[in-house]
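Just so we're clear, the structure is a prediction, and the values are computed from it rather than from any experiment. Residue numbers begin at 1 in each chain, while the letters A, B, ... track the order of the sequences.
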There are 2 protein chains.
Amino acid sequence: MAKAKPKRPWGEAIQDRGEQFEMKRQVVLRTAARIYTERGFHETTLADIADELNISKPTLYYYFKSKDEILFECHRIGIEAITDGETPMPPPGQGTARERLHEFLRRYVRMVVDDFGTCLVMTGTNALEPENRAEVVGGRRQIDGMLRAILDEGGLDGSLVCPDPKVTAMFIFGAMNWIPHWYHRDGPITVEELTDRLAAFVDQALPPGPAAGA
Amino acid sequence: MAKAKPKRPWGEAIQDRGEQFEMKRQVVLRTAARIYTERGFHETTLADIADELNISKPTLYYYFKSKDEILFECHRIGIEAITDGETPMPPPGQGTARERLHEFLRRYVRMVVDDFGTCLVMTGTNALEPENRAEVVGGRRQIDGMLRAILDEGGLDGSLVCPDPKVTAMFIFGAMNWIPHWYHRDGPITVEELTDRLAAFVDQALPPGPAAGA
DNA sequence: GTCGGATTCGACTCGTGGGTCGAACAGCCA
DNA sequence: TGGCTGTTCGACCCACGAGTCGAATCCGAC
């Protein structure tokens with residue numbers, strides 16, 4: 001009660017210097033992700049972001065070295081939500097492919113509904129510098145591989161039959177990546193309901209195979 | 001053989017003035033759509049388009065009044081490919097909903113695989129001026145309505161059961177709108193095969209209902 | 001030929017927005 | 001109290017790219 005005099009949107013609390021720095025960076029990123037998504041990357045100026053945060057443009061440059069880097073960080077966070085989730089994806093062999101598919105869908109939908117995930121999916125990679133773009137593209141490819149692998153395994157353990165895993169994976173990613181275009185967190189549908197609907201849809205489309213053999 | 005001396009990428013033939021004008025406009029549009037899609041709208045300069053066509057930037061302004069208008073026209077063409085196709089969509093009542101669904105998917109995939117359709121789907125509407133954006137958004141909404149309606153009818157005529165037409169329609173649009181991100185016309189899969197795969201996928205996901213009554 | 005409109009382009013303007021600089025200020029430790 | 005580092009900002013720079021202008025050229029009609 002004695003030391004709290006925050007005029008800035010950064011929370012309060014006076015952790016040590018480095019911690020403060022990191023926290024402020026996060027706030028900037030979240031805000032940026034939201035605005036980038038709403039208006040589009042190129043339609044957003046650094047002044048817009050700064051204004052939203054009640055800080056000045058040069059201050060942004062104290063935390064990031066370029067507009068591009070801000071976008072890149074947003075993408076990175078989005079990707080890592082999938083690739084390095086706190087609980088790792090269950091490895092093949094643990095549970096059926098169908099179960100792992102569900103887990104994957106749940107995770108991905110969650111990601112895509114978050115500010116960073118939305119930003120990742122809605123702002124193209126065109127804007128990124130080659131170097132950063134390469135990393136983002138790599139990350140996405142890795143995620144693609146995860147789903148593809150699960151679909152492949154489904155054919156083996158018989159838990160789901162999928163004629164063309166590559167193309168099917170793309171259909172599924174499409175359905176999920178489109179979510180930010182129409183879904184609103186504060187709308188009538190909860191994220192859980194959304195996930196369930198998607199899972200049901202995909203489940204129907206990929207019926208269990210007759211064969212089996214663990 | 002006597003009069004053909006084209007130094008310009010516009011074909012040859014010497015139709016009347018207005019026809020030439022219209023034809024050149026089309027060529028510009030297709031080229032622009034392609035480049036917009038490849039590099040992104042904002043990453044494309046008018047000089048890029050002009051260079052590609054071996055013309056100068058001011059010449060573009062002879063055919064279009066702004067960069068924005070060029071994009072808008074691309075979107076318009078894409079949308080009209082669905083809404084005003086040469087053969088109109090069969091009206092409800094003609095055939096089962098499932099049949100109409102197939103026809104719709106076929107059409108939409110075709111559109112999305114074309115330069116203009118790809119452009120429509122990949123470049124956001126953020127860049128468009130409010131007025132133009134409103135029209136594009138309206139068109140898209142109309143297309144949304146088409147699919148939603150078909151899904152609704154499917155519940156009635158029993159040809160397909162769909163728990164939540166609104167959300168399901170979005171999943172399907174997502175799957176289709178994502179196509180330009182991974183599909184290449186000159187790849188191993190033909191457009192027909194692609195359409196078939198999608199139709200099969202959706203068919204599975206939306207099984208026929210037990211009820212009926214024409 | 002030559003006139004007039006259609007077409008094309010070189011050279012320019014100019015707003016916008018990413019990025020920089022140096023000064024001011026805050027908080028901490030002696 | 002003085003000084004040091006970390007943080008913030010007002011004012012500026014400047015490249016880039018959309019859009020313009022006026023002159024040059026092309027081409028069919030008389």
K.L.:
Does the side chain of A/Q204 reach to within under 4.5 Å of the side chain of B/L206, using non-hydrogen atoms?
P.N.:
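The answer is no, as the side chains (C-beta and beyond) never meet within the 4.5 Å cut-off.
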K.L.:
Between atom CZ in B/F21 and atom P in D/dC27, what is the gap in whole Å?
P.N.:
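Going from B/F21 (CZ) to D/dC27 (P), I get 18 Å.
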K.L.:
Report the distance from atom CD of B/E22 to atom C1' of C/dA6, rounded to the nearest whole Å.
P.N.:
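Distance, rounded to whole Å: 15 Å.
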K.L.:
Is B/K24 near enough to C/dT7 that one of its side-chain N or O atoms lies under 4.0 angstrom from OP1 or OP2?
P.N.:
no
K.L.:
Between C1' on C/dC9 and CG on B/L53, what's the gap in Å once rounded to a whole number?
P.N.:
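Taking CG of B/L53 and C1' of C/dC9, I get 15 Å after rounding.
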K.L.:
I'd like to know if the side chain of A/K67 reaches the main chain of A/T44, judged simply by a donor and an acceptor atom lying under 3.5 Å from each other, with no hydrogens or angles considered.
P.N.:
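Yes, the answer is positive, given that a donor and an acceptor are paired below the 3.5 Å cut-off.
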K.L.:
What is the distance from CG of A/L60 to C1' of D/dG10, rounded to the nearest Å?
P.N.:
15 Å
K.L.:
Calculate the interatomic distance between B/E19 atom CD and C/dT7 atom C1'; express it in whole Å.
P.N.:
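Going from B/E19 (CD) to C/dT7 (C1'), I get 17 Å.
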K.L.:
Please tell me whether A/D48 and A/Y36 have a donor and an acceptor in their side chains that are separated by less than 3.5 angstrom.
P.N.:
no
K.L.:
Do A/R100 and A/E103 meet the salt-bridge criterion of a basic N to acidic O distance under 4.0 Å?
P.N.:
no
K.L.:
With the side chain counted from C-beta on, respond yes when A/F104 and A/I143 share a heavy-atom pair under 4.5 Å apart, and no when they do not.
P.N.:
yes
K.L.:
Does a side-chain N-to-carboxylate-O contact under 4.0 Å join B/E193 and B/R197?
P.N.:
no
K.L.:
Nearest whole angstrom, please: distance from the P of C/dA26 to the CD of A/Q20.
P.N.:
16 Å
K.L.:
Counting primed atoms plus P, OP1 and OP2 as sugar-phosphate and everything else as base, spell out the protein contacts along nucleotides 15-20 of chain C at 4.0 Å heavy-atom distance: B, S or - for each nucleotide, 5' to 3'.
P.N.:
--SBBB
K.L.:
For A/S56 and D/dC9, is the shortest distance between a side-chain N/O and OP1 or OP2 below 4.0 Å?
P.N.:
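Answer yes for this pair, as a side-chain N or O of A/S56 is under 4.0 Å from OP1 or OP2.
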K.L.:
Taking only the side-chain nitrogens and oxygens of B/Y62, find out if one of them lies under 4.0 Å from OP1 or OP2 of C/dT7.
P.N.:
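Affirmative; the distance criterion is met.
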K.L.:
May I have the distance from B/Y63 (atom OH) to D/dA18 (atom P), rounded to whole angstrom?
P.N.:
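Between P of D/dA18 and OH of B/Y63: 20 Å.
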K.L.:
Does a side-chain N or O of A/T59 approach OP1 or OP2 of D/dT7 to a distance below 4.0 Å, or not?
P.N.:
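Looking at the OP1 and OP2 atoms of D/dT7, neither is under 4.0 Å from any side-chain N or O of A/T59.
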K.L.:
Could you state the CG-P distance from B/N54 to C/dT8, rounded to the nearest angstrom?
P.N.:
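Between P of C/dT8 and CG of B/N54: 13 Å.
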K.L.:
Is any side-chain N of the basic residue among B/D114 and B/R30 closer than 4.0 Å to the acidic one's carboxylate O?
P.N.:
yes
